[in-house]
Amino acid sequence: MGGRRLDRILDFLGEVGGSDTSLDWLCGICAQELGVSGAAVALILSGHDPGAIAASDEVAAAVVDLQFSTGEGPAIDAHRSRRAVLERDLSSSTRWPAFAPEAVAAGAAAVFALPLQVGAARFGVLILYRDRPGPLGEGVLTDALAMAEVACEITLGLQAQVPPGSLHEVLDRLADKRTELYQATGMVVVQLDVGPEEAVAAIRARAYATDRPVGEVAADVVARRFRFDQDGTVAPPGSPQP
Amino acid sequence: MARETLIARTFVELADTLVEGYDPLEFLHHLAERCVEVLGMAEAGLVLVDARGQLQALASSSERMHLIELLEVQHEDGPCLDCWRSGGAVAEDHLVGATGRWPHFAPAAVEAGFASAYAVPMRLRDERLGALNLFANETSGLADTDLVLAQAIADVATIGILHERFIARREEVTEQLQVAFHTRVVLEQAKGVVAEAAKVDMDQAFSLLRGYARHHNLLLSEVARRVIDREVAADALVIQPRSRSGRRR
(Lines give C-alpha, C1' and ligand atoms only; values in the text may rest on other atoms or scores of the structure.)
Protein backbone atom coordinates (compact mmCIF):
# COMPACT_ATOMS: atom_id res chain seq x y z
CA MET A 1 0.00 0.00 0.00
CA GLY A 2 3.04 2.28 -0.02
CA GLY A 3 4.66 4.17 2.82
CA ARG A 4 2.64 7.36 2.60
CA ARG A 5 -0.71 5.64 2.45
CA LEU A 6 0.25 3.49 5.43
CA ASP A 7 1.33 6.64 7.27
CA ARG A 8 -2.07 8.20 6.66
CA ILE A 9 -3.78 5.08 7.96
CA LEU A 10 -1.57 5.06 11.03
CA ASP A 11 -2.35 8.74 11.60
CA PHE A 12 -6.04 8.02 11.26
CA LEU A 13 -5.86 5.10 13.66
CA GLY A 14 -3.83 7.29 16.00
CA GLU A 15 -6.79 9.68 16.11
CA VAL A 16 -9.37 6.99 16.81
CA GLY A 17 -6.82 4.78 18.61
CA GLY A 18 -8.20 5.08 22.12
CA SER A 19 -11.79 4.19 21.36
CA ASP A 20 -13.67 0.93 21.81
CA THR A 21 -14.22 0.55 18.08
CA SER A 22 -10.61 1.14 16.95
CA LEU A 23 -9.93 -2.57 16.49
CA ASP A 24 -13.06 -2.95 14.36
CA TRP A 25 -11.82 -0.05 12.24
CA LEU A 26 -8.46 -1.74 11.92
CA CYS A 27 -10.03 -5.01 10.75
CA GLY A 28 -12.06 -3.14 8.15
CA ILE A 29 -8.99 -1.29 6.88
CA CYS A 30 -7.05 -4.57 6.64
CA ALA A 31 -9.83 -6.00 4.48
CA GLN A 32 -9.73 -2.96 2.20
CA GLU A 33 -6.01 -2.40 1.94
CA LEU A 34 -4.31 -5.76 2.16
CA GLY A 35 -6.05 -7.57 -0.69
CA VAL A 36 -7.89 -9.95 1.61
CA SER A 37 -11.58 -10.56 2.31
CA GLY A 38 -11.54 -9.90 6.01
CA ALA A 39 -9.58 -9.68 9.25
CA ALA A 40 -9.93 -10.40 12.94
CA VAL A 41 -7.92 -9.60 16.05
CA ALA A 42 -7.71 -12.53 18.46
CA LEU A 43 -6.33 -12.63 21.99
CA ILE A 44 -4.35 -15.66 23.06
CA LEU A 45 -3.38 -15.32 26.69
CA SER A 46 -1.01 -17.58 28.64
CA GLY A 47 -2.09 -20.96 27.35
CA HIS A 48 -5.66 -19.94 26.72
CA ASP A 49 -7.35 -20.35 23.40
CA PRO A 50 -7.80 -17.71 20.73
CA GLY A 51 -10.82 -15.48 21.10
CA ALA A 52 -11.80 -12.67 18.73
CA ILE A 53 -12.03 -9.18 20.21
CA ALA A 54 -12.73 -7.65 16.80
CA ALA A 55 -13.62 -8.93 13.33
CA SER A 56 -14.50 -7.36 10.00
CA ASP A 57 -17.16 -9.98 9.22
CA GLU A 58 -18.64 -13.30 10.33
CA VAL A 59 -16.22 -15.45 8.35
CA ALA A 60 -13.25 -13.77 10.04
CA ALA A 61 -14.88 -14.36 13.43
CA ALA A 62 -15.55 -17.99 12.47
CA VAL A 63 -11.90 -18.50 11.49
CA VAL A 64 -10.96 -17.58 15.07
CA ASP A 65 -13.79 -19.54 16.69
CA LEU A 66 -12.93 -22.69 14.73
CA GLN A 67 -9.38 -22.56 16.04
CA PHE A 68 -10.77 -22.22 19.51
CA SER A 69 -13.05 -25.24 19.09
CA THR A 70 -10.56 -27.47 17.24
CA GLY A 71 -7.56 -26.37 19.29
CA GLU A 72 -5.40 -25.94 16.18
CA GLY A 73 -4.85 -23.52 13.33
CA PRO A 74 -2.67 -20.72 11.98
CA ALA A 75 -3.37 -18.29 14.84
CA ILE A 76 -2.27 -20.83 17.44
CA ASP A 77 0.83 -21.71 15.39
CA ALA A 78 1.72 -18.05 14.82
CA HIS A 79 1.37 -17.36 18.52
CA ARG A 80 3.51 -20.36 19.49
CA SER A 81 6.23 -19.80 16.90
CA ARG A 82 6.17 -15.97 17.18
CA ARG A 83 6.24 -15.86 13.38
CA ALA A 84 3.80 -15.13 10.60
CA VAL A 85 1.96 -18.26 9.43
CA LEU A 86 0.84 -18.01 5.81
CA GLU A 87 -1.49 -20.59 4.26
CA ARG A 88 -2.38 -19.70 0.71
CA ASP A 89 -4.63 -22.70 0.09
CA LEU A 90 -6.41 -24.27 3.04
CA SER A 91 -8.18 -26.89 0.92
CA SER A 92 -4.91 -28.55 -0.09
CA SER A 93 -3.20 -28.12 3.28
CA THR A 94 -2.65 -31.03 5.66
CA ARG A 95 -1.36 -28.90 8.54
CA TRP A 96 -4.61 -28.66 10.45
CA PRO A 97 -6.80 -31.67 9.70
CA ALA A 98 -9.65 -30.58 11.99
CA PHE A 99 -9.54 -26.84 11.43
CA ALA A 100 -8.87 -26.60 7.66
CA PRO A 101 -12.01 -28.29 6.25
CA GLU A 102 -14.27 -26.37 8.61
CA ALA A 103 -12.59 -23.06 7.77
CA VAL A 104 -13.01 -23.78 4.07
CA ALA A 105 -16.67 -24.64 4.66
CA ALA A 106 -17.07 -21.35 6.54
CA GLY A 107 -15.75 -19.42 3.53
CA ALA A 108 -12.00 -19.00 4.08
CA ALA A 109 -9.76 -20.31 1.27
CA ALA A 110 -6.50 -18.69 2.38
CA VAL A 111 -5.50 -17.66 5.91
CA PHE A 112 -2.63 -15.53 7.17
CA ALA A 113 -1.81 -15.12 10.86
CA LEU A 114 0.54 -12.51 12.34
CA PRO A 115 1.55 -12.60 16.00
CA LEU A 116 0.90 -9.62 18.27
CA GLN A 117 4.04 -9.29 20.33
CA VAL A 118 6.09 -6.74 22.24
CA GLY A 119 9.67 -7.55 23.11
CA ALA A 120 9.48 -10.83 24.99
CA ALA A 121 5.73 -10.67 25.56
CA ARG A 122 2.96 -11.84 23.24
CA PHE A 123 -0.77 -11.85 23.59
CA GLY A 124 -2.59 -12.52 20.36
CA VAL A 125 -2.77 -12.66 16.60
CA LEU A 126 -3.99 -10.60 13.65
CA ILE A 127 -5.80 -12.99 11.31
CA LEU A 128 -6.43 -12.26 7.64
CA TYR A 129 -8.48 -14.48 5.36
CA ARG A 130 -9.42 -14.51 1.69
CA ASP A 131 -12.35 -16.28 0.03
CA ARG A 132 -10.07 -17.33 -2.88
CA PRO A 133 -6.80 -19.24 -2.59
CA GLY A 134 -3.51 -17.50 -3.32
CA PRO A 135 -0.60 -15.82 -1.56
CA LEU A 136 -0.59 -12.38 0.03
CA GLY A 137 0.11 -9.85 -2.71
CA GLU A 138 3.61 -8.63 -3.38
CA GLY A 139 4.91 -6.44 -0.58
CA VAL A 140 1.69 -6.94 1.37
CA LEU A 141 3.34 -8.95 4.14
CA THR A 142 5.28 -5.85 5.22
CA ASP A 143 2.05 -3.85 5.38
CA ALA A 144 0.31 -6.69 7.20
CA LEU A 145 3.08 -6.77 9.79
CA ALA A 146 2.69 -3.02 10.21
CA MET A 147 -1.05 -3.51 10.74
CA ALA A 148 -0.27 -6.17 13.36
CA GLU A 149 1.93 -3.56 15.09
CA VAL A 150 -0.98 -1.15 15.06
CA ALA A 151 -3.35 -3.83 16.40
CA CYS A 152 -0.83 -4.43 19.17
CA GLU A 153 -0.66 -0.74 19.90
CA ILE A 154 -4.42 -0.25 20.00
CA THR A 155 -5.06 -3.32 22.18
CA LEU A 156 -2.41 -2.33 24.71
CA GLY A 157 -3.59 1.27 24.48
CA LEU A 158 -7.05 0.15 25.56
CA GLN A 159 -5.71 -1.99 28.40
CA ALA A 160 -3.45 0.87 29.53
CA GLN A 161 -6.61 2.95 30.15
CA VAL A 162 -7.73 0.76 33.04
CA PRO A 163 -6.01 0.19 36.39
CA PRO A 164 -3.82 -2.93 36.82
CA GLY A 165 -5.89 -5.92 37.89
CA SER A 166 -8.88 -5.02 35.72
CA LEU A 167 -9.59 -5.65 32.06
CA HIS A 168 -10.67 -3.07 29.51
CA GLU A 169 -14.30 -3.55 28.50
CA VAL A 170 -13.44 -4.67 24.97
CA LEU A 171 -11.19 -7.41 26.38
CA ASP A 172 -13.54 -8.18 29.23
CA ARG A 173 -16.27 -9.02 26.73
CA LEU A 174 -14.22 -11.97 25.56
CA ALA A 175 -13.92 -13.26 29.13
CA ASP A 176 -17.69 -12.78 29.52
CA LYS A 177 -18.35 -14.78 26.38
CA ARG A 178 -16.25 -17.63 27.79
CA THR A 179 -17.58 -17.56 31.34
CA GLU A 180 -19.61 -20.75 30.97
CA LEU A 181 -16.67 -22.60 29.47
CA TYR A 182 -14.45 -21.63 32.42
CA GLN A 183 -17.12 -22.66 34.91
CA ALA A 184 -17.72 -25.93 33.05
CA THR A 185 -13.95 -26.50 33.09
CA GLY A 186 -13.94 -26.23 36.87
CA MET A 187 -16.81 -28.70 37.13
CA VAL A 188 -15.12 -31.19 34.81
CA VAL A 189 -11.90 -30.83 36.83
CA VAL A 190 -13.86 -32.41 39.70
CA GLN A 191 -15.84 -34.86 37.58
CA LEU A 192 -12.75 -36.31 35.90
CA ASP A 193 -10.26 -35.51 38.67
CA VAL A 194 -7.92 -33.83 36.15
CA GLY A 195 -6.26 -30.44 35.69
CA PRO A 196 -7.99 -27.53 33.93
CA GLU A 197 -6.21 -28.10 30.62
CA GLU A 198 -7.31 -31.72 30.42
CA ALA A 199 -10.82 -30.67 31.43
CA VAL A 200 -10.98 -28.19 28.53
CA ALA A 201 -9.65 -30.90 26.21
CA ALA A 202 -12.44 -33.24 27.34
CA ILE A 203 -15.09 -30.58 26.69
CA ARG A 204 -13.58 -29.86 23.30
CA ALA A 205 -13.44 -33.57 22.40
CA ARG A 206 -17.08 -33.95 23.35
CA ALA A 207 -18.01 -30.96 21.16
CA TYR A 208 -16.04 -32.40 18.26
CA ALA A 209 -17.50 -35.90 18.66
CA THR A 210 -21.07 -34.61 18.78
CA ASP A 211 -20.48 -31.90 16.16
CA ARG A 212 -21.67 -29.11 18.43
CA PRO A 213 -20.09 -25.81 19.45
CA VAL A 214 -17.86 -25.93 22.52
CA GLY A 215 -20.02 -23.27 24.15
CA GLU A 216 -23.11 -25.49 23.94
CA VAL A 217 -21.37 -28.43 25.59
CA ALA A 218 -20.09 -26.09 28.31
CA ALA A 219 -23.60 -24.72 28.85
CA ASP A 220 -24.93 -28.29 29.26
CA VAL A 221 -22.28 -29.04 31.87
CA VAL A 222 -23.03 -25.87 33.85
CA ALA A 223 -26.79 -26.51 33.67
CA ARG A 224 -26.08 -30.10 34.81
CA ARG A 225 -27.77 -31.51 31.75
CA PHE A 226 -24.60 -33.42 31.02
CA ARG A 227 -21.65 -34.71 33.04
CA PHE A 228 -18.39 -36.46 32.30
CA ASP A 229 -18.01 -39.81 34.05
CA GLN A 230 -14.93 -40.77 36.01
CA ASP A 231 -13.75 -43.13 33.27
CA GLY A 232 -14.11 -40.45 30.62
CA THR A 233 -17.10 -42.07 28.96
CA VAL A 234 -20.18 -40.05 28.47
CA ALA A 235 -23.23 -40.34 30.65
CA PRO A 236 -26.38 -39.44 28.74
CA PRO A 237 -28.60 -36.89 30.43
CA GLY A 238 -30.90 -38.42 33.00
CA SER A 239 -28.77 -41.52 33.64
CA PRO A 240 -27.86 -42.37 37.25
CA GLN A 241 -24.96 -40.27 38.58
CA PRO A 242 -21.88 -42.13 39.76
CA MET B 1 41.44 6.89 15.60
CA ALA B 2 40.37 9.26 12.84
CA ARG B 3 37.57 11.60 13.88
CA GLU B 4 35.27 10.33 11.14
CA THR B 5 35.76 6.75 12.35
CA LEU B 6 35.04 7.80 15.90
CA ILE B 7 31.87 9.60 14.81
CA ALA B 8 30.70 6.62 12.78
CA ARG B 9 31.39 4.26 15.68
CA THR B 10 29.52 6.50 18.09
CA PHE B 11 26.42 6.42 15.93
CA VAL B 12 26.59 2.66 15.56
CA GLU B 13 26.88 2.29 19.33
CA LEU B 14 23.93 4.58 19.89
CA ALA B 15 21.85 2.64 17.38
CA ASP B 16 22.63 -0.51 19.36
CA THR B 17 20.34 0.76 22.10
CA LEU B 18 17.50 -0.35 19.86
CA VAL B 19 18.52 -3.89 20.76
CA GLU B 20 16.99 -5.36 23.89
CA GLY B 21 18.69 -5.67 27.22
CA TYR B 22 20.74 -2.50 27.61
CA ASP B 23 21.14 -0.55 30.83
CA PRO B 24 19.77 2.99 30.29
CA LEU B 25 22.05 4.62 32.87
CA GLU B 26 25.17 2.94 31.50
CA PHE B 27 24.11 4.08 28.05
CA LEU B 28 23.86 7.71 29.19
CA HIS B 29 27.31 7.63 30.82
CA HIS B 30 28.73 6.14 27.69
CA LEU B 31 27.06 8.83 25.62
CA ALA B 32 28.56 11.58 27.78
CA GLU B 33 32.05 10.10 27.45
CA ARG B 34 31.70 9.78 23.69
CA CYS B 35 30.62 13.42 23.34
CA VAL B 36 33.81 14.49 25.11
CA GLU B 37 35.90 12.41 22.73
CA VAL B 38 34.11 13.16 19.47
CA LEU B 39 33.41 16.86 20.05
CA GLY B 40 36.69 17.58 21.84
CA MET B 41 34.88 19.01 24.84
CA ALA B 42 36.18 19.16 28.39
CA GLU B 43 33.03 17.61 29.81
CA ALA B 44 29.58 16.42 28.79
CA GLY B 45 26.49 15.67 30.84
CA LEU B 46 22.88 14.66 30.42
CA VAL B 47 19.97 16.15 32.25
CA LEU B 48 16.70 14.25 31.79
CA VAL B 49 13.22 14.87 33.06
CA ASP B 50 11.90 12.15 35.39
CA ALA B 51 8.41 10.65 35.69
CA ARG B 52 7.30 13.52 37.97
CA GLY B 53 8.45 16.16 35.51
CA GLN B 54 11.58 17.10 37.51
CA LEU B 55 14.92 17.51 35.79
CA GLN B 56 17.64 15.16 37.00
CA ALA B 57 21.39 15.29 36.32
CA LEU B 58 21.63 11.64 35.30
CA ALA B 59 25.01 11.15 33.70
CA SER B 60 28.19 13.24 33.55
CA SER B 61 31.64 12.62 32.19
CA SER B 62 33.15 13.72 35.54
CA GLU B 63 32.30 14.67 39.09
CA ARG B 64 33.22 18.31 38.39
CA MET B 65 30.61 18.33 35.65
CA HIS B 66 28.06 16.57 37.80
CA LEU B 67 28.31 19.19 40.56
CA ILE B 68 27.77 22.05 38.10
CA GLU B 69 24.76 20.28 36.60
CA LEU B 70 23.29 19.69 40.04
CA LEU B 71 23.66 23.38 40.70
CA GLU B 72 21.92 24.16 37.40
CA VAL B 73 18.99 21.95 38.23
CA GLN B 74 18.81 23.20 41.82
CA HIS B 75 18.89 26.92 41.00
CA GLU B 76 17.05 26.53 37.73
CA ASP B 77 19.50 28.62 35.80
CA GLY B 78 22.04 27.59 33.19
CA PRO B 79 22.29 26.54 29.54
CA CYS B 80 20.63 23.18 30.10
CA LEU B 81 17.60 24.73 31.80
CA ASP B 82 17.22 27.32 29.03
CA CYS B 83 17.57 24.58 26.45
CA TRP B 84 14.93 22.47 28.17
CA ARG B 85 12.49 25.37 28.44
CA SER B 86 12.96 26.70 24.90
CA GLY B 87 13.41 23.34 23.17
CA GLY B 88 16.26 24.84 21.12
CA ALA B 89 20.07 24.79 21.27
CA VAL B 90 21.83 27.19 23.66
CA ALA B 91 25.39 28.48 23.19
CA GLU B 92 27.58 30.67 25.40
CA ASP B 93 31.09 31.21 24.04
CA HIS B 94 32.20 33.42 26.95
CA LEU B 95 31.03 32.25 30.36
CA VAL B 96 33.02 34.97 32.10
CA GLY B 97 30.64 37.61 30.81
CA ALA B 98 27.49 35.56 31.31
CA THR B 99 26.70 36.31 34.94
CA GLY B 100 23.77 38.49 33.88
CA ARG B 101 22.36 35.59 31.86
CA TRP B 102 22.89 32.92 34.54
CA PRO B 103 23.55 34.48 37.96
CA HIS B 104 24.13 31.15 39.74
CA PHE B 105 25.50 28.96 37.02
CA ALA B 106 28.01 31.26 35.27
CA PRO B 107 30.20 32.14 38.28
CA ALA B 108 30.18 28.54 39.52
CA ALA B 109 31.14 27.18 36.10
CA VAL B 110 33.97 29.72 35.73
CA GLU B 111 35.13 28.85 39.24
CA ALA B 112 35.21 25.18 38.20
CA GLY B 113 37.46 26.05 35.26
CA PHE B 114 35.00 26.20 32.35
CA ALA B 115 35.13 29.02 29.80
CA SER B 116 32.25 28.17 27.43
CA ALA B 117 29.06 26.11 27.67
CA TYR B 118 26.53 24.64 25.23
CA ALA B 119 23.34 22.62 25.40
CA VAL B 120 21.29 20.82 22.77
CA PRO B 121 17.76 19.54 23.41
CA MET B 122 16.89 15.86 23.55
CA ARG B 123 13.45 15.90 22.03
CA LEU B 124 11.31 14.17 19.46
CA ARG B 125 8.50 16.38 18.19
CA ASP B 126 6.49 17.36 21.28
CA GLU B 127 8.20 14.90 23.57
CA ARG B 128 10.99 16.61 25.50
CA LEU B 129 13.32 14.28 27.37
CA GLY B 130 15.95 16.73 28.54
CA ALA B 131 19.22 18.21 27.28
CA LEU B 132 22.80 17.34 26.47
CA ASN B 133 25.28 19.71 28.16
CA LEU B 134 28.72 20.37 26.73
CA PHE B 135 31.35 22.44 28.58
CA ALA B 136 34.80 23.52 27.36
CA ASN B 137 37.87 24.79 29.22
CA GLU B 138 38.49 27.46 26.59
CA THR B 139 36.24 30.18 25.21
CA SER B 140 34.29 29.37 22.02
CA GLY B 141 34.93 25.70 22.66
CA LEU B 142 32.36 24.34 20.21
CA ALA B 143 32.22 25.34 16.55
CA ASP B 144 28.80 25.87 14.96
CA THR B 145 29.26 22.79 12.78
CA ASP B 146 30.02 20.73 15.88
CA LEU B 147 26.88 22.03 17.53
CA VAL B 148 25.02 20.42 14.63
CA LEU B 149 26.90 17.18 15.23
CA ALA B 150 26.07 17.37 18.94
CA GLN B 151 22.41 17.73 18.04
CA ALA B 152 22.60 14.69 15.77
CA ILE B 153 24.10 12.62 18.60
CA ALA B 154 21.38 13.86 20.97
CA ASP B 155 18.70 12.97 18.40
CA VAL B 156 19.87 9.39 17.98
CA ALA B 157 20.15 8.99 21.75
CA THR B 158 16.64 10.40 22.17
CA ILE B 159 15.17 7.89 19.76
CA GLY B 160 17.03 5.09 21.55
CA ILE B 161 15.70 6.15 24.95
CA LEU B 162 12.14 6.65 23.72
CA HIS B 163 12.20 3.28 22.02
CA GLU B 164 13.39 1.54 25.16
CA ARG B 165 10.71 3.26 27.27
CA PHE B 166 8.06 2.43 24.71
CA ILE B 167 8.93 -1.29 24.69
CA ALA B 168 9.18 -1.43 28.48
CA ARG B 169 5.77 0.20 28.91
CA ARG B 170 4.13 -2.11 26.38
CA GLU B 171 5.63 -5.17 28.03
CA GLU B 172 4.28 -3.97 31.34
CA VAL B 173 0.77 -3.50 29.93
CA THR B 174 0.91 -6.92 28.24
CA GLU B 175 1.78 -8.45 31.59
CA GLN B 176 -1.15 -6.62 33.22
CA LEU B 177 -3.46 -7.83 30.48
CA GLN B 178 -2.35 -11.42 30.97
CA VAL B 179 -2.63 -11.31 34.74
CA ALA B 180 -6.07 -9.65 34.69
CA PHE B 181 -7.41 -12.13 32.15
CA HIS B 182 -5.92 -15.12 33.93
CA THR B 183 -7.41 -13.95 37.22
CA ARG B 184 -10.87 -13.87 35.67
CA VAL B 185 -10.44 -17.32 34.12
CA VAL B 186 -9.23 -18.88 37.34
CA LEU B 187 -12.05 -17.35 39.38
CA GLU B 188 -14.68 -18.79 37.03
CA GLN B 189 -12.95 -22.17 37.02
CA ALA B 190 -12.82 -22.17 40.82
CA LYS B 191 -16.54 -21.40 40.94
CA GLY B 192 -17.06 -24.46 38.73
CA VAL B 193 -14.94 -26.64 41.01
CA VAL B 194 -16.83 -25.53 44.12
CA ALA B 195 -20.23 -25.77 42.42
CA GLU B 196 -19.52 -29.35 41.41
CA ALA B 197 -17.81 -30.51 44.61
CA ALA B 198 -20.25 -28.85 46.99
CA LYS B 199 -23.36 -29.39 44.82
CA VAL B 200 -24.28 -25.73 44.86
CA ASP B 201 -25.06 -23.21 42.12
CA MET B 202 -22.53 -20.70 40.77
CA ASP B 203 -23.72 -17.84 42.97
CA GLN B 204 -23.43 -19.95 46.08
CA ALA B 205 -20.04 -21.19 44.91
CA PHE B 206 -18.91 -17.57 44.60
CA SER B 207 -20.22 -16.80 48.10
CA LEU B 208 -18.29 -19.75 49.51
CA LEU B 209 -15.09 -18.61 47.81
CA ARG B 210 -15.56 -15.07 49.06
CA GLY B 211 -16.42 -16.25 52.56
CA TYR B 212 -13.28 -18.37 52.69
CA ALA B 213 -11.17 -15.46 51.42
CA ARG B 214 -12.54 -13.14 54.11
CA HIS B 215 -12.22 -15.68 56.88
CA HIS B 216 -8.59 -16.41 56.00
CA ASN B 217 -7.81 -12.82 55.09
CA LEU B 218 -6.80 -13.81 51.56
CA LEU B 219 -7.43 -12.21 48.20
CA LEU B 220 -10.29 -13.81 46.33
CA SER B 221 -7.97 -14.40 43.36
CA GLU B 222 -5.54 -16.21 45.64
CA VAL B 223 -8.26 -18.50 47.01
CA ALA B 224 -9.41 -19.24 43.47
CA ARG B 225 -5.87 -20.14 42.46
CA ARG B 226 -5.48 -22.45 45.48
CA VAL B 227 -8.75 -24.19 44.69
CA ILE B 228 -7.72 -24.78 41.08
CA ASP B 229 -4.24 -25.91 42.11
CA ARG B 230 -5.83 -28.27 44.68
CA GLU B 231 -4.04 -26.62 47.55
CA VAL B 232 -7.43 -26.03 49.12
CA ALA B 233 -10.03 -28.78 48.83
CA ALA B 234 -13.38 -27.46 47.64
CA ASP B 235 -14.95 -29.21 50.67
CA ALA B 236 -12.88 -27.05 53.01
CA LEU B 237 -14.83 -24.02 51.82
CA VAL B 238 -18.08 -25.60 52.95
CA ILE B 239 -16.82 -27.18 56.15
CA GLN B 240 -15.11 -24.00 57.25
CA PRO B 241 -18.12 -22.13 58.72
CA ARG B 242 -19.37 -25.30 60.48
CA SER B 243 -16.08 -25.99 62.23
CA ARG B 244 -16.01 -22.39 63.37
CA SER B 245 -19.45 -22.57 64.92
CA GLY B 246 -18.41 -25.92 66.39
CA ARG B 247 -15.50 -24.28 68.19
CA ARG B 248 -17.73 -21.58 69.51
CA ARG B 249 -20.07 -24.02 71.18
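Convention: sequence-line order gives letters A, B, ...; per-chain numbering from 1.
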(request) Examine whether an atom of A:Ala184 lies under 4.5 Å from a heavy atom of chain B, and if so say whether it belongs to the side chain, the backbone or both; otherwise answer neither. (result) neither
(message) Strictly below 4.0 Å, N to O, side chains only: are A:Asp49 and A:Arg204 in salt-bridge contact?
(response) yes
(message) So, using side-chain contact (heavy atoms from CB on, under 4.5 Å) as the criterion, who are the partners of B:Ala154 when residues are at least two apart?
(response) B:Val120, B:Met122, B:Leu132, B:Gln151
(message) Quick check on the interface: out of A:Val222, A:Thr155, A:Leu181, A:Val189, who has the most heavy-atom pairs with chain B under 4.5 Å?
(response) A:Val189
(request) For each of B:Arg170, B:Gln176, B:Lys191, tally heavy-atom pairs with chain A at distances under 4.5 Å, and name the one with the top tally. (result) B:Arg170
(request) Name all residues meeting the salt bridge (Lys or Arg N to Asp or Glu O under 4.0 Å) criterion together with B:Glu231; count only those two or more places apart in sequence or in a different chain, and write none if there are none. (result) B:Arg225
(message) Could you check whether B:Arg85 pairs with B:Asp82 (Lys NZ or Arg NE/NH1/NH2 to Asp/Glu carboxylate O, under 4.0 Å)?
(response) yes
(message) Please classify the contact of B:Ala190 with chain A as side chain, backbone, both or neither, using a heavy-atom distance under 4.5 Å.
(response) neither
(request) Below 4.5 Å from any heavy atom of chain B, which atoms of A:Ser166 appear? Answer side chain, backbone, both or neither. (result) backbone
(request) Check each atom of B:Thr174 against the heavy atoms of chain A and say whether the ones under 4.5 Å are side chain, backbone, both or neither. (result) both
(message) Salt bridge or not between A:Glu180 and A:Lys177? Use side-chain N to carboxylate O under 4.0 Å.
(response) no
